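Just so we're clear, the structure is a prediction, and the values are computed from it rather than from any experiment. Residue indices begin at 1 and follow the sequence shown.
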Amino acid sequence: MAVKQLKPTTPGRRHRISGVFTDITKTTPEKSLTVGKRATGGRNAQGRMTARYIGGGHKRKLRFVDFKRRKDGVSAVVKAIEYDPNRSARIALLFYADGIKSYIIAPNGLQVGATVESGENVAPELGNALPLKSIPVGTLVHNIELRPGQGAVMARSAGTFAQLTSREGDYVIVKLPSGETRRILAECRATVGVVGNSDHALEQSGKAGRMRWLGRRPHNRGVVMNPVDHPMGGGEGRQSGGHPRSRNGVYAKGLKTRAPKKQSSKYIIERRKK
């Protein structure tokens, strides 16, 4: 995976840094694993806007990605690496030996024709999903569960990974992409390897129109609003907005928003880097 710098034939292309799609082997999604995705425009079920600066964008189809990996004892062959507009990572199309098809997040280095498995007794090799108790210490993993059977919730975006550092009774100690170190039940599953498309972080849109294609509308700053619209608004000329805060008055840049009695705090050994 790499990125390419485009020739500045237009102002929009001058600052554009785009990813290359040489790793993609199939351009149309598997029909049985897709469904139409309805855009919300930032509105809730009552039709009220609850998230601003959302709307428009290209029509997308939702791909059903298997984050649970519970087909134990059945091997699967990687048939294709595909683009997914709903996430930064690539997805891999699997054909299981019993005829079932599914998508998974494609780890870095996974090739078409490779075989992957899931289960407690499978080898800790690239693309295989197994409980954390069966993975050797020091292994890089992604798609980590927090509760057994829940499905992967951590380390799923492009280029991310976590490292299994040690064991502690019924738990394993995992260093997460944020820098946080925490305990996770050893029965929870993870997938061996690093999520692919790691150069996604180097991409630059180059123009505002590209953000509109992604469904992101123009975002106006609080300091340019009137006092009735934002706590940081108002003032003669270019007055500063005071302490940074949200539209609802919640302080930003320094205020701790994590609940002090949150149950999961007891599993955190070291907090993420500031």
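Linking ILVMFWY residues whenever their side-chain heavy atoms come closer than 4.5 Å, directly or via other members, leaves L176 and F161 in distinct clusters. By the rule that hydrophobic residues join a cluster once side-chain heavy atoms approach within less than 4.5 Å of another member, V116 and L130 end up as members of separate clusters. At a threshold of 4.5 Å between side-chain heavy atoms, the hydrophobic network of Ile, Leu, Val, Met, Phe, Trp and Tyr places M154 and V174 in one connected group. Cluster membership check: L33 shares its hydrophobic cluster with V65, using side-chain heavy-atom separations under 4.5 Å among Ile, Leu, Val, Met, Phe, Trp and Tyr. Following chains of ILVMFWY side-chain contacts shorter than 4.5 Å, one cannot reach I91 starting from I24, and the two form parts of different hydrophobic clusters.
Open room surrounds CZ on R38; 12 or fewer heavy atoms of other groups in view lie less than 6.0 Å from it. Within 6.0 Å of the CZ atom in R14, the count of heavy atoms belonging to other residues, nucleotides or ligands does not exceed 12. Within 6.0 Å of the CD atom in Q5, the count of heavy atoms belonging to other residues, nucleotides or ligands exceeds 12. Within 6.0 Å of atom NZ in K175, more than 12 heavy atoms from other residues, nucleotides or ligands are found, so the atom counts as buried in its surroundings. Surrounding CZ of R52 are more than 12 heavy atoms belonging to other residues, nucleotides or ligands, all under 6.0 Å away.
Using cut-offs of 30° and 60° on the angle between ring planes, the pair Y251 and H243 is perpendicular.
Annotation: the span from S166 atom OG to I269 atom CD1 amounts to 6.5 Å, rounded to 0.5 Å. Atom-to-atom distance recorded for I81:CD1 and L110:CG is 5.0 Å, nearest 0.5 angstrom.
Using a 4.0 Å cut-off between charged nitrogen and carboxylate oxygen, E145 and R70 count as a salt-bridge pair. In summary, E30 and K101 engage in a salt bridge, as defined by a charged side-chain N under 4.0 Å from a carboxylate O. In summary, K133 and E187 engage in a salt bridge, as defined by a charged side-chain N under 4.0 Å from a carboxylate O. Classification of K71 and D98 as a salt-bridged pair holds, one side-chain N sitting under 4.0 Å from a carboxylate O.
Counted by atom type alone, Y103 and D84 present zero donor-acceptor pairs between their side chains at under 3.5 Å. No side-chain donor from either of S264 and R183 sits under 3.5 Å from a side-chain acceptor of the other.
Between V195 and A89, the shortest heavy-atom contact is CG1-CB, 3.5 Å. When all heavy atoms are compared, the tightest approach of G138 to Q163 is O-NE2, 3.2 Å. Across all non-hydrogen atoms, the minimal contact from E120 to P131 is CA-CD, 3.7 Å.
Relative to the ring axis of Y53, R216 does not place its NZ or CZ within 45° and under 6.0 Å from the centre.
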